[in-house]
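Here the structure comes first, spelled out in structure tokens, and everything after it is commentary.
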Amino acid sequence: MGEINLAGHSPATIKQILTASGGQCRCCHTEVNVRPGGASDHRVHTVSEDDLRAGRDVPALICAACATAMAEGGFTSVVDFVFSTRPACPVCSAHRASQIGYGLPTRDSFVNMPPWQHSGGCCVGPEQWRCRGCGHER
Ligand SMILES: [Zn+2]
Ligand SMILES: [Zn+2]
């Protein structure tokens, strides 16, 4: 698994995103057939450097089902799309819940962690979600 925080829209970048994805949809983790000449049942989502740095969007391999759901929902950002599928915050009602993962994160998981995931550290707590709007954990 390589570096997946790649900005840009060039064919070389798209190839790198494909390789780094490990053949898994970044939204739902479904296996995707990415062999050259294979069925085009996937989409490679590219982002600008500005959007990536601001956390507005991330590059991703997206399966056909997620690509369709994203288009139907009118989403242009993978980050917005994934957050929209998460439960709303009971405090501020924002759809900005990051899933908390416990355990010591590796450097790789820090670099590649999308905004919809949050590292809760190595002490496992009962909280599953952290709101990025107000910081509420539940
Ligand atoms: Zn998917
Ligand atoms: Zn909130």
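As the structure lists them, so they are numbered: ligands from 1, and atoms in each ligand from 1. Values in this document were obtained by computation on a predicted structure and should not be read as measured data. For the single chain, residues carry numbers from 1 onward in sequence order.
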(message) Quick check against the 3.5 Å criterion: does His118 have a side-chain atom that pairs as donor or acceptor with the backbone of Trp129?
(response)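 No, the answer is negative, given that no donor and acceptor are paired below the 3.5 Å cut-off.
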(request) For Thr30 and Cys25, indicate whether the former's side chain and the latter's backbone hold a donor-acceptor pair under 3.5 Å. (result) no
(request) For the pair Asp80 and Arg96, evaluate side chain to side chain contact (heavy atoms under 4.5 Å, CB included) and give the outcome as yes or no after the intermediate values. (result) CA-CA 8 Å; Asp80 286 346; Arg96 279 293 191 217; 3.0 Å; yes
(message) Test: salt bridge (charged side-chain N to carboxylate O under 4.0 Å, His left out). Region: residues 5-21. Which pairs qualify, not counting sequence neighbours?
(response) none
Measure the [atom1]-[atom2] distance between [X] and [Y] for me, rounded to the nearest 0.5 Å.
{"X": "Gln16", "Y": "Ser21", "atom1": "CD", "atom2": "OG", "answer": "12.0 Å"}
{"X": "His95", "Y": "Arg86", "atom1": "NE2", "atom2": "CZ", "answer": "12.0 Å"}
{"X": "His9", "Y": "Ile17", "atom1": "NE2", "atom2": "CD1", "answer": "9.0 Å"}

Which atom pairs, one a donor and one an acceptor, fall under 3.5 Å between side chains of residues 57-69 and the rest of the protein, sequence neighbours left out?
unit_1	atom_1	unit_2	atom_2	d
Asp57	OD1	His45	NE2	3.2
Asp57	OD1	Val78	N	2.9
Asp57	OD2	His45	NE2	2.8
Thr68	OG1	Ala64	O	2.8

(request) With 2.8 Å as the limit, jot down which protein N, O or S atoms are around the Zn ion (ligand 1). (result)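 Under 2.8 Å from the Zn ion (ligand 1) - ignoring waters, which are not counted - the protein N, O or S atoms are Cys25 SG, Cys28 SG, Cys63 SG, Cys66 SG.
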(request) Taking 2.8 Å as the upper limit, name the protein N, O or S atoms near the Zn ion (ligand 2). (result) Cys89 SG, Cys92 SG, Cys131 SG, Cys134 SG
(request) For a side chain to side chain donor-acceptor pair (under 3.5 Å) with Arg56, tell me which candidate from Thr76, Asp50, Asp51 qualifies. (result) Asp51
